[in-house]
Protein chains: 2
Amino acid sequence: MTGKAPAAPSADASPRRSDTTRACILAAARERFAADGYERATIRAIARDARIDPSMVMRYYGNKEGLFAAATSADLRMPDFTRVPREDVGRVLVTHFLDMWEDGGVLTALLRVALTNQPGAERMRTIFEEQLLPVARAVCPDPAEAPTRAGLCAAQVLGLALTRYVLRFPPSVALTREEVTRWLAPTLQRYLTAERP
Amino acid sequence: MTGKAPAAPSADASPRRSDTTRACILAAARERFAADGYERATIRAIARDARIDPSMVMRYYGNKEGLFAAATSADLRMPDFTRVPREDVGRVLVTHFLDMWEDGGVLTALLRVALTNQPGAERMRTIFEEQLLPVARAVCPDPAEAPTRAGLCAAQVLGLALTRYVLRFPPSVALTREEVTRWLAPTLQRYLTAERP
DNA sequence: TTTGTTGGTCAACGCCTGTTGGCAACGTAA
DNA sequence: TTACGTTGCCAACAGGCGTTGACCAACAAA
């Protein structure tokens, strides 16, 4: 059972001649998904951007869902919040999310797709659950409240991303990173560490 | 120029025999747009829900964009914030938005569509600009800062709607209206009335 | 050189989409 | 009754979609 598919991830380090092509496809896919959402980001358009034939996409990623999954393997790369002073949690969280969101458009693509695509929404939920929930558990007063507090933070962070990077509301776009941090950090700090209102 | 199209809005009160059908189409369209987004809400599916022929949709609303525009004529119905005590604006704003969002799914449809559809995004922006900005202007310390403050409120409100009504993050869904108000009201209050940080 | 694997193109498939025009049934005013 | 505008269904169109399989070129091992 050596497998016919050349895409089989047999070992981790298996440099193939087609790696550059694969990377081109993924980059084009990320851009298209981020710009157009799942339905309007057609395989044909992605292939055109990557200057290859649409059938290559199918060969390397199976189908459109596989391509999407490969193009949006997001990792929020959370820092270790047990080492962050408790009163700085809000600020660190905001700056970290700004970093993540402005890097490569993976999260923008994920957000756009999550809105019209059930698996996309599920993945978004998983990402935030796996990566934001532990932060809340580490710093909030009662661990039982961690999901609620993480959810509130997710709402605020995603709302800013929505208005700033997707809908592009002018006031939200005009804010500098500094200003975003000054406004949002106290909010997240309160959601995470304040007594339940 | 009497117009061939029976859909011509000549007068405001022109009861037609087809009014119930038109209403059925709009209701079905709102549901489909809210559930599936713009691309996947097909005219055929909407017509099936309304138990009529797809061509009727075209006759009454011209094309798909016209149908969408008719189905999502949103009005946030803002109360008069000059009569609200200054320290209550956050709370009133949250409860009002919860009311709006849980009524009929118009806003959910609009949000879903705005994410993958340029005119949809533009309309969302317009709605918030026309209706949230005056509120900010009425209550914030420096009117020049009103757009920024309205934008921050929009981010928080849309973020909650996103996680609660669209992505359905469990912690966000589990919150009661009471809890949402208690958590979010102070945030909006600060965004609107606090000194610039 | 031969042989087999990989990288890539081409043409086509079946399906679904938004949209159109023709045609029958109904209701109403003359 | 006749004439006409409205309401509705039906069948079809052109085009785009995801997906498939046959086929050629380049390379690597024998």
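Everything numeric here is computed off the predicted structure, so don't read it as measured data. Residue numbers begin at 1 in each chain, while the letters A, B, ... track the order of the sequences.
The distance between atom CD of A:Glu39 and atom P of C:dG18, rounded to the nearest whole Å, is 12 Å. Atom OH of A:Tyr61 is separated from atom P of C:dG8 by 12 Å (rounded to the nearest Å).
Of the possible polar contacts, none joining the A:Asp36 side chain to the A:Phe33 backbone as a donor-acceptor pair under 3.5 Å is found.
In terms of the salt bridge (Lys or Arg N to Asp or Glu O under 4.0 Å) criterion, residue partners of A:Arg182 (sequence neighbours excluded) are, by chain and number, A:Glu178.
Distances shown here put every side-chain N or O of B:Ser18 at or beyond 4.0 Å from the OP1 or OP2 atom of D:dT6.
Of the candidates C:dG18, D:dG18, C:dG8, the closest approach to any side-chain atom of A:Thr21 belongs to C:dG8. When distances are taken from the side chain of A:Thr42 to each of D:dT19, C:dC10, D:dG18, the shortest belongs to D:dG18. With C:dT17, D:dG18, D:dA22 as the candidates, the nucleotide lying closest to the side chain of A:Arg44 is D:dG18.
Between B:Arg177 and B:Asp99 there is a salt bridge, since a side-chain N of the basic residue sits under 4.0 Å from a carboxylate O of the acidic one. Here B:Asp49 does not pair with B:Arg30 in a salt bridge; the nearest charged N to carboxylate O distance is not below 4.0 Å.
Both B:Asn63 and B:Arg17 sit near DNA chain C, but only B:Asn63 has its closest nucleotide nearer the 5' end.
With hydrogens and angles left out, the side chain of A:Arg16 and the base of C:dG7 share no donor-acceptor pair within 3.5 Å.
Using a 4.0 Å heavy-atom cutoff across all strands shown, A:Ser55 reaches at least one base atom of the nucleic acid.
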